[in-house]
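Below: one structure, written as structure tokens.
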Amino acid sequence: MNVLVTDGENRSTLAVTRSLGRRGCRVVVTGARLRNLASSSSFCGSAHMIPSPLQAGAEYGTKIQEIVKKEGIDVIFPMTEPSICLLNSFRASLPTEVILACPTAEKMAAVSDKFNLCKLAEKLNVPIPKTLYLSSPDDLAAQLEIIDHYPVVVKPALSKIPVKQGFLSTGILYASSRAELEQLYATESALLHPSMIQEKIIGPGTGLFTLYDSDHHLALFSHRRLREKPPSGGVSVVSESIPLDEEMVAAADRLLSAVEWRGIAMIEFKRDRRDGKAKLMEINGRFWGSLQLAIACGVDFPSLLLDYLDGTKPPDPIYNYRVGHKMKWLIGTLDHLLIRLKNSDETLNLPPDFPSKWRSTLDFLKFLEKDTSFDVFDKNDIAPFWCEICSHVGGIIHSRPKAISSTNIWP
């Protein structure tokens with residue numbers, strides 16, 4: 001079977017490439033560069049450089065169609081929200097025998113739009129942080145009088161906002177005062193679009209991962225984030241597999257069943273230290289960055305999804321897996337440490353009991369911990385790790401300021 005996997009720069013794409021390559025599929029990888037994290041894997045059968053989905057628009061879909069025809073592709077795995085959005089718009093133009101391995105645009109919007117997702121959660125009695133909904137910055141004045149506690153979390157409704165020139169990437173923002181909040185809404189272009197202001201939840205973050213079939217889970221896996229980038233909350237750089245939490249499983253079931261979801265999804269929660277409740281953060285209807293941890297623990301979601309798309313379902317739900325196993329992203333752990341060392345805890349909005357900078361340094365130095373593996377580094381497929389190192393070093397060099405004299409003295 002010939003499988004096309006997009007966005008080869010991502011760790012999740014590398015995990016899919018390795019999983020399906022080991023299964024015996026011929027994996028074709030696309031990316032903004034010919035040489036990227038996934039295409040450098042020995043399990044990549046062919047690679048193509050295409051424009052980035054963040055800027056390319058219609059050209060991106062056209063290039064994918066050309067590759068599908070040239071490579072005889074059977075299944076397309078779009079790996080990021082922009083790729084999913086763009087390829088969904090081309091779904092009807094693909095050959096009828098080619099499977100696009102993602103839900104329809106309507107289903108994706110039901111879970112990826114945080115504005116609508118939180119309203120659905122409230123309707124279904126799934127706990128969420130206290131939330132104020134803003135259709136535009138014009139709504140801020142009325143909401144300011146309601147907020148009685150800072151800091152607050154500001155979330156654009158979409159992680160990737162479609163605009164004329166492609167997509168506007170957004171992220172979570174924080175405001176420690178009314179003045180900071182007003183400044184955010186006056187300066188951040190992402191907040192010209194629908195957004196939310198939420199209370200900040202202090203507590204451990206937990207990811208629940210599922211292969212879902214309309215009204216029930218076919219496979220489940222869960223991990224907790226031990227370290228993130230940025231440290232205040234973001235991409236997991238060290239995570240650990242944990243037992244399933246029945247409360248989270250039930251909440252995910254209510255949400256996904258309500259939209260008749262079919263496919264893989266990541267549902268993110270935080271366990272609120274104040275009341276002990278699991279509060280919904282977001283749902284991603286795509287593969288996640290720490291996918292390799294689930295695979296290492298015995299839940300091979302890429303292979304399971306391929307079977308599901310082909311009409312084969314697990315004979316019994318897969319709820320058992322290796323618990324207590326850690327996964328490290330080495331470059332991510334380095335970035336986490338550097339952010340800690342360069343910034344104060346107040347600047348990063350870290351809680352008082354967050355591990356100290358000294359503890360973070362010691363944690364970084366623990367490369368070879370018991371029951372720990374790595375998502376990019378693999379001694380049997382080493383090229384992606386070297387590719388990542390070179391890319392990271394190159395990014396640092398190109399981000400340095402230009403020389404200030406003919407003697408090339410750097411500031």
Side-chain angles (χ1 to χ4, degrees), residues 6-16 31 36-38 54 79-84 112 114 153-156 158-160 167-174 190 200-201 203-209 221-242 264-270 280-296 301 326-343 347-351 354-355 360 363-364 372-377 384-385 387-389 391-392 395-396 399:
T6 71
D7 305 280
E9 301 80 6
N10 292 279
R11 290 178 296 132
S12 56
T13 306
L14 174 61
V16 171
N36 56 53
L37 201 61
L54 287 170
M79 297 299 296
T80 63
E81 289 179 14
S83 294
I84 291 172
S112 61
K114 299 179 183 68
V153 181
V154 181
K155 294 180 180 178
L158 297 174
S159 299
K160 298 289 187 293
F167 291 86
L168 174 64
S169 295
T170 71
I172 296 175
L173 304 166
Y174 299 91
K200 186 176 181 180
I201 302 298
T206 299
L208 180 71
F209 313 96
F221 176 79
S222 186
H223 81 213
R224 61 174 176 169
R225 298 179 173 190
L226 301 179
R227 269 178 275 169
E228 298 173 280
K229 185 183 79 169
S232 56
V235 179
S236 172
V237 300
V238 181
S239 54
E240 180 182 29
S241 59
I242 59 175
I264 53 94
M266 183 197 84
I267 308 91
E268 184 179 346
F269 297 90
K270 273 198 172 184
L280 175 71
M281 296 291 107
E282 64 179 355
I283 295 180
N284 288 314
R286 54 171 173 77
F287 284 116
W288 45 95
S290 54
L291 172 62
Q292 185 60 43
L293 175 59
I295 297 172
F301 281 103
K326 293 180 183 178
M327 181 73 67
K328 288 186 178 183
W329 174 28
L330 289 177
I331 291 296
T333 60
L334 174 61
D335 288 343
H336 169 98
L337 178 61
L338 293 177
I339 293 171
R340 286 299 315 278
L341 295 178
K342 290 180 179 180
N343 299 276
T347 300
L348 296 174
N349 288 297
L350 300 179
F354 200 84
S360 293
D363 287 342
F364 171 73
T372 300
S373 57
F374 306 97
D375 56 354
V376 175
F377 177 81
F385 179 67
C387 178
E388 184 180 44
I389 292 293
S391 177
H392 194 72
I396 293 174
S399 67

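Quick caveat, the model's predicted, so the values are computed rather than measured.
Partners of K155 under the salt bridge (Lys or Arg N to Asp or Glu O under 4.0 Å) rule, at least two apart in sequence or in another chain, do not exist in this structure. Every residue two or more places apart in sequence or in another chain that forms a side-chain contact (heavy atoms from CB on, under 4.5 Å) with E9 is listed here: D7, A32, N36. Listed by chain and number, the residues in a ring-ring contact (aromatic ring centres under 6.0 Å, His included) with F269 amount to none (sequence neighbours excluded). The salt bridge (Lys or Arg N to Asp or Glu O under 4.0 Å) test applied to D375 returns R11, not counting sequence neighbours. Applying the salt bridge (Lys or Arg N to Asp or Glu O under 4.0 Å) criterion to K160, with sequence neighbours excluded, gives no partner residue. For F167, there are no ring-ring contact (aromatic ring centres under 6.0 Å, His included) partners, not counting sequence neighbours. Qualifying side-chain contact (heavy atoms from CB on, under 4.5 Å) partners for N284, counting only residues two or more places apart in sequence or in other chains: E81, M266, E282, R286. For W329, there are no ring-ring contact (aromatic ring centres under 6.0 Å, His included) partners at least two apart in sequence or on another chain. Partners of S290 by side-chain contact (heavy atoms from CB on, under 4.5 Å), not counting sequence neighbours, listed by chain and number: F209, H223, S239, W288. Residues passing the salt bridge (Lys or Arg N to Asp or Glu O under 4.0 Å) test with K270, sequence neighbours excluded: none. Under the rule for a ring-ring contact (aromatic ring centres under 6.0 Å, His included), Y174 has no partner lying at least two apart in sequence or in another chain. Looking at residues two or more places apart in sequence or on another chain, you find a side-chain contact (heavy atoms from CB on, under 4.5 Å) between A296 and H325, M327, S373.
Counting heavy atoms from C-beta on, the side chains of S360 and R340 come closer than 4.5 Å.
The two residues F385 and L330 make their nearest non-hydrogen contact at CE1-CD1, 3.9 Å.
Checked for salt-bridge contact, K326 and E240 miss the test: no charged N lies under 4.0 Å from a carboxylate O.
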After noting the C-alpha distance and the side-chain angles of N10 and T80, does the key distance pass the side chain to side chain contact (heavy atoms under 4.5 Å, CB included) rule?
CA-CA 9 Å; N10 292 279; T80 63; 3.7 Å; yes

